[in-house]
Asker: 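Mind looking over this structure? Questions follow.
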2 protein chains.
Amino acid sequence: MKYKIKSRIWIEADDNILLGEGRVALLKAIEETGSLSKAAKTLKMSYKKAWSLIDALNSRAQKPVVTTSIGGKGGGGAELTDYGRKLVNAFETINKNCWEFLDQEMKKQLYHDF
Amino acid sequence: MKYKIKSRIWIEADDNILLGEGRVALLKAIEETGSLSKAAKTLKMSYKKAWSLIDALNSRAQKPVVTTSIGGKGGGGAELTDYGRKLVNAFETINKNCWEFLDQEMKKQLYHDF
DNA sequence: TATCGTTATATCTTATCAAATATAGCGACA
DNA sequence: TGTCGCTATATTTGATAAGATATAACGATA
C-alpha cells in the first residue's frame, strides 16, 4: 500500500479562521523569540503576513492571545498570554490525536482492498 | 463557546495528492451524469480543470478510477470503475468519522476552558 | 459521409494572492 | 535628545493559479 492519508485541521470563530497549523507555528516562534519580527524571520515569512495573522487571531479570539509592546528596551516585543498557550496546547493535542485516528481508519480500510 | 473545529483530509500517493474532497465531488458528479464535461458543468468547474484532476487521479492510482470513451453515441462519456467507487466510499467514510472524532475532541477540551 | 457531443490538449489572458518596499511612531537607555 | 529595534500600516510589484478560448480527433448513427 503506497497510499498515505493526510489532514489539516483548524478552528473557526464566526466562520473566520481563528487558528490553524501556520498560526500555531507562528505562536510557538513568538514564544521562543519574544518578537513578531524575529518569529517571522525564523519561519521565512514576511513581517506583514505574520502581523496580519496575529491581528486576525487577536481580534477574533475571545481573549487576547498575543500581547505586544512598542519602543523601549530592545525596541519592543511580543509574547503569548496564558490563554494563547492554552490554545496552542489544545490545538496540538487535537491535531496529534487526529493523525493517529486517521492512520487507524486507513488501516481499517486496507483490510478490504486497495 | 463560539469556536468550531474544521478539517480537510486527503490521500496521497508518492507525495502527490491522489484524492481529496474536490476530486471526490467530481467523481460523484461523473457517476451521476456519465460525462466529464457535464460533471464539470454541474460543479461550475472548467472542463480543463476537471480533466486535469481525473488525469492526475488515474495516473497515480494503482488501478484506473475513471474510464472514458471518445465518439459514438452521445459523443462519448466517462464512468467510474468499481475501484473508483470503492475509493469514494472509503474516503467519505473516513471523512465522516473524522468529523465526529474531532467534535468529540473539541468537547473534551471545552471541559477545561475557552 | 455529414452531424453531433464528447474527450483531449495547447495557448493566451486574467485574477488573485503573496512578496517586496517604504514609512511612521514608539519608549527605554546611553 | 539621538539611536535603536521593534510594532504598525499602506502601497506597489511580482508570481502563481485559475479561467477563457480555440481546435483536433473520435465513433455511433442517420
Side-chain angles (χ1 to χ4, degrees), chain A residues 8 10 12 15-61 63-81 84, chain B residues 8 10 12 15-61 63-81 84:
Chain A
R8 200 123 233 201
W10 66 96
E12 291 189 359
D15 294 327
N16 292 307
I17 290 183
L18 180 80
L19 199 59
E21 288 186 14
R23 295 183 193 192
V24 164
L26 181 56
L27 289 176
K28 293 172 81 174
I30 288 172
E31 193 166 35
E32 286 168 12
T33 62
S35 137
L36 230 174
S37 64
K38 284 179 188 164
K41 206 163 288 177
T42 65
L43 296 180
K44 293 182 174 60
M45 178 190 295
S46 71
Y47 172 83
K48 183 199 166 168
K49 183 174 181 183
W51 180 85
S52 306
L53 291 174
I54 296 303
D55 185 55
L57 178 53
N58 270 332
S59 66
R60 289 170 191 160
K63 300 181 197 174
V65 174
V66 174
T67 55
T68 60
S69 65
I70 307 180
K73 174 183 143 196
E79 58 178 12
L80 296 206
T81 63
Chain B
R8 201 122 230 202
W10 65 95
E12 290 188 359
D15 295 326
N16 292 307
I17 291 183
L18 180 78
L19 200 60
E21 287 186 16
R23 295 182 193 195
V24 165
L26 182 56
L27 289 177
K28 292 172 81 174
I30 288 172
E31 194 167 34
E32 286 168 13
T33 61
S35 135
L36 230 174
S37 65
K38 285 178 188 162
K41 206 163 287 176
T42 66
L43 296 179
K44 293 183 173 62
M45 175 189 301
S46 71
Y47 172 83
K48 180 195 166 172
K49 183 172 181 185
W51 180 84
S52 306
L53 291 174
I54 296 303
D55 184 54
L57 178 53
N58 270 332
S59 65
R60 287 170 194 159
K63 300 182 198 174
V65 174
V66 174
T67 54
T68 60
S69 64
I70 308 179
K73 175 183 141 195
E79 59 177 10
L80 296 206
T81 62

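Throughout, a chain's letter reflects where its sequence line sits, starting with A, and its residues are numbered from 1. Every heavy atom of this structure was used, including side-chain atoms; hydrogens, water molecules and symmetry mates were not.
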Asker: Which pairs, with at least one residue in residues 36-58 of chain A and sequence neighbours excluded, count as a side-chain hydrogen bond (donor to acceptor under 3.5 Å, both in side chains)?
Answerer: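 Sorted result for residues 36-58 of chain A: A:S35-A:S37.
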Asker: Residues from residues 16-30 of chain A sitting under 4.0 Å of DNA chain C, heavy atoms only?
Answerer: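 By residue number: none to list.
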Asker: Rounding to an integer number of Å, can you tell me how far A:D55 CG sits from D:dC6 C1'?
Answerer: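 Between C1' of D:dC6 and CG of A:D55: 16 Å.
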Asker: If I take atom CG in residue B:L53 and atom P in nucleotide C:dT7, what distance separates them, rounded to the nearest angstrom?
Answerer: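 My rounded result for the distance is 14 Å.
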Asker: Please report the shortest heavy-atom distance between A:L18 and A:A61, naming the atom on each side.
Answerer: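 Result for this residue pair: CD1-N, 3.6 Å.
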Asker: Rounded to the nearest 0.5 Å, what separation is found between the CG atom of B:L80 and the NZ atom of B:K28?
Answerer: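 B:L80 CG to B:K28 NZ: 11.0 Å, rounded to 0.5 Å.
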Asker: Just how far, in rounded Å, is P of D:dT9 from CG of A:L36?
Answerer: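 Rounding to the nearest Å, CG of A:L36 and P of D:dT9 are 12 Å apart.
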Asker: Considering only heavy atoms from C-beta outward, does the side chain of A:I54 approach that of A:L27 to under 4.5 Å?
Answerer: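 With C-beta onward as the side chain, the pair touches.
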Asker: Kindly give the atom pairs (protein nitrogen or oxygen, nucleotide nitrogen or oxygen) under 3.5 Å for nucleotides 13-16 of chain C.
Answerer:
none

Asker: With heavy-atom distances below 4.5 Å as the criterion, would you say the side chains of B:L26 and B:I30 are in contact?
Answerer: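 Yes, their side chains come closer than 4.5 Å.
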Asker: Quick one: is A:W51 getting a side-chain N or O under 4.0 Å of the D:dA8 phosphate, OP1 or OP2?
Answerer: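 Result: yes.
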Asker: Say you draw a straight line from CZ of A:R60 to CG of A:N16; how long is it, rounded to the nearest 0.5 Å?
Answerer: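 Reported to 0.5 Å precision, the distance equals 3.5 Å.
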Asker: Are B:S37 and C:dT7 close enough that a side-chain N or O sits under 4.0 Å from OP1 or OP2?
Answerer: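 So the side chain of B:S37 is within the cut-off, an N or O lying under 4.0 Å from OP1 or OP2 of C:dT7.
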Asker: Looking only at heavy atoms, what is the nearest atom pair of B:A78 and B:T68, with distance?
Answerer: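 Answer, listing the atom of B:A78 first, then B:T68: CB-CG2, 3.9 Å.
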Asker: Indicate for each nucleotide in nucleotides 18-30 of chain D, in 5' to 3' sequence, whether protein heavy atoms under 4.0 Å reach the base (B), only the sugar-phosphate (S), or nothing (-).
Answerer: -BB-----BBS--
Asker: Listed by chain and number, what are the side-chain contact (heavy atoms from CB on, under 4.5 Å) partners of B:I17, not counting sequence neighbours?
Answerer: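 Here the qualifying residues are B:W10, B:R23.
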Asker: Looking only at side-chain atoms of B:K38, point me to the closest of C:dT6, D:dA8, D:dC6.
Answerer: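 For B:K38, the side-chain atoms sit closest to C:dT6.
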Asker: Only counting residues at least two apart or in another chain, list the ones meeting side-chain contact (heavy atoms from CB on, under 4.5 Å) with A:T67.
Answerer: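 Once residues adjacent in sequence are excluded, the partners of A:T67 under the side-chain contact (heavy atoms from CB on, under 4.5 Å) criterion are A:E79, A:T81.
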Asker: Restricting to non-hydrogen atoms, name the atom on B:L19 and the atom on B:L57 that form the minimum distance, rounded to 0.1 Å.
Answerer: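 Of all heavy-atom pairs spanning B:L19 and B:L57, the closest is CD1-CD1, 4.1 Å.
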